[in-house]
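All values derive from a computational prediction rather than experimental measurement. Chain naming here is simple, since letters A, B, ... match the order of the sequence lines and numbering starts at 1 in each.
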There are 2 protein chains.
Amino acid sequence: MKKKVFIDQKPLQCPSQLRAIHDTMDILSGKWKITIIGCLSFGDKRFMDLMREVKGIGSKMLSKELQELEINGLISRTVQPTKPVTVEYALTTYGETLRPILWEMADWGQHHRIKVKATFSGEVGSG
Amino acid sequence: MKKKVFIDQKPLQCPSQLRAIHDTMDILSGKWKITIIGCLSFGDKRFMDLMREVKGIGSKMLSKELQELEINGLISRTVQPTKPVTVEYALTTYGETLRPILWEMADWGQHHRIKVKATFSGEVGSG
DNA sequence: CGGAATCCTGCCGGATACTG
DNA sequence: CAGTATCCGGCAGGATTCCG
């Protein structure tokens, strides 16, 4: 009977751990959320700024993603009483707590891309 | 001009970092992948075992998710030449490299759940 | 400028039936 | 046991239009 137990750490406790991971995944899921958070990590942005920087997103999606991020407290929305009305979005302190996760994911993803490339090269070379 | 720069670390580098994060998200996305990985973190499992343990998943989805996980090298699939044929799925060493990510996500998710609960309590209490 | 409303589409994922 | 094939509904997400 082999027990891997995830290296030598505890395995994922099915009931609560897994649910927590799914919660995080749900919050981060959506085609643009990561990108938006990334953009806001550089500083505050207005709606229009995000439209330009995210590039490819539509106003509906941007609005929706922004709302979901705000509901979860990851970003803040501030309406400026200027003339045509401007709105500033900013990453909250709470939103910054995602940094460890995002960093791990970026790290793993880059590593993975290298691995995949190596795998393909090997197959092509030997095939 | 306020630059938050994500605490005092570098912000997410748009081109490569973001793409890497999305790669990771894609690999982990899907309603059952996390759960399957969690199950396999306890040890090897057969198809039928996973059907029972994941609970709620159908054979089509399980098969599909398993294939995707295998393609990415996260799990291994071993056919045993027994009588009615049995297949063993196991988390690979590479799959275990996801542990830091999953752990961070579990941690954050649990923290978040507590925060959300506190927020609701506060609103209910003061409203 | 910053959205909301509407319409339309693909694919994600579920149920069921069939195969080897 | 371990899948595959097929059909089907729902929702994520895109394009367009309209509003304050």
Side-chain angles (χ1 to χ4, degrees), chain A residues 18-19 21-40 43-72 74-91, chain B residues 18-19 21-40 43-72 74-91:
Chain A
L18 251 34
R19 191 186 53 181
I21 297 177
H22 274 120
D23 286 348
T24 306
M25 285 292 289
D26 287 345
I27 289 172
L28 257 30
S29 76
K31 205 175 181 181
W32 307 99
K33 292 211 183 66
I34 302 282
T35 309
I36 292 172
I37 291 174
C39 277
L40 290 180
D44 304 4
K45 297 280 168 60
R46 299 215 313 285
F47 192 87
M48 203 186 64
D49 295 330
L50 290 170
M51 282 286 283
R52 274 193 297 262
E53 295 193 31
V54 174
K55 214 114 184 161
I57 195 172
S59 64
K60 174 192 162 186
M61 271 303 107
L62 180 54
S63 176
K64 182 193 165 195
E65 302 281 73
L66 248 17
Q67 282 174 29
E68 292 178 6
L69 290 173
E70 191 196 359
I71 287 175
N72 284 301
L74 303 180
I75 65 173
S76 63
R77 179 178 178 274
T78 312
V79 180
Q80 310 281 9
T82 55
K83 244 316 283 310
V85 117
T86 56
V87 180
E88 276 217 343
Y89 290 94
L91 203 60
Chain B
L18 252 33
R19 192 186 52 179
I21 297 178
H22 273 121
D23 285 348
T24 306
M25 284 292 290
D26 287 345
I27 290 172
L28 258 29
S29 77
K31 205 175 181 181
W32 307 100
K33 290 212 184 64
I34 303 282
T35 309
I36 293 172
I37 291 174
C39 277
L40 290 180
D44 303 6
K45 297 283 167 60
R46 300 214 312 284
F47 191 87
M48 201 187 67
D49 296 330
L50 290 170
M51 282 288 283
R52 275 191 298 261
E53 295 192 31
V54 174
K55 213 111 184 166
I57 197 172
S59 63
K60 172 190 164 187
M61 270 303 106
L62 179 55
S63 175
K64 182 190 162 196
E65 302 283 71
L66 247 18
Q67 282 175 30
E68 292 177 8
L69 290 173
E70 192 197 357
I71 288 175
N72 284 301
L74 303 180
I75 66 172
S76 63
R77 179 178 179 275
T78 311
V79 180
Q80 311 282 8
T82 55
K83 245 315 282 308
V85 116
T86 55
V87 181
E88 276 218 343
Y89 291 95
L91 204 59

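Checking B:Arg46 against A:Gly30, the closest nucleotide of DNA chain D that is more toward the 5' end is the one next to B:Arg46.
Salt bridge B:Lys33/B:Glu68: present, at least one basic N to carboxylate O contact under 4.0 Å.
Between A:Lys33 atom NZ and D:dA12 atom C1' there is a gap of 10 Å when expressed in whole angstrom units. Between the CD atom of A:Glu65 and the P atom of D:dC11 there is a distance of 17 Å, given to the nearest Å. Rounding to whole angstrom units, CG of residue A:Asp26 and P of C:dC12 are separated by 16 Å. Distance A:Met61 CE to C:dG2 P: 18 Å, rounded to the nearest Å. One interatomic measurement links the two molecules: CD of A:Gln67 to P of C:dG2, which rounds to 15 Å at whole-angstrom precision. The nearest whole Å value for the distance from the CD atom in A:Glu53 to the C1' atom in C:dG2 is 16 Å. Atoms CZ (A:Phe47) and P (D:dC19) sit 18 Å apart, rounded to a whole Å. When rounded to the nearest whole Å, the span between CG of A:Leu62 and P of C:dA4 equals 11 Å.
Looking at heavy-atom distances under 4.0 Å, A:Ser59 makes contact with a base. Counting non-hydrogen atoms under 4.0 angstrom, A:Lys83 reaches nothing in the nucleic acid. At a threshold of 4.0 angstrom between heavy atoms, the contacts of A:Gln80 with the nucleic acid are absent. Using a 4.0 Å heavy-atom cutoff across all strands shown, A:Glu68 reaches no nucleic acid atom at all.
For D:dA12, neither phosphate oxygen OP1 nor OP2 lies less than 4.0 angstrom from any side-chain nitrogen or oxygen of A:Lys60. Residue B:Arg77 places at least one side-chain N or O under 4.0 Å from the OP1 or OP2 atom of D:dG3. Contact between the side-chain N/O atoms of A:Thr86 and the OP1/OP2 oxygens of C:dG2 is not found at any separation under 4.0 Å.
Considering every non-hydrogen atom in both B:Leu40 and B:Tyr89, the closest pair reads CD2-O, 3.5 Å. In terms of heavy-atom proximity, A:Lys31 sits nearest to B:His22 at O-NE2, 3.6 Å.
B:Ile75 has its side chain out of reach of B:Ile36: every pair of non-hydrogen atoms, C-beta onward, lies at least 4.5 Å apart.
In this model, no donor atom of one side chain and acceptor atom of the other lie less than 3.5 Å apart for B:Ser63 and B:Ser59.
Across D:dG14, C:dA4, D:dA12, the shortest atom-to-atom separation from the side chain of A:Trp32 is found for D:dG14.
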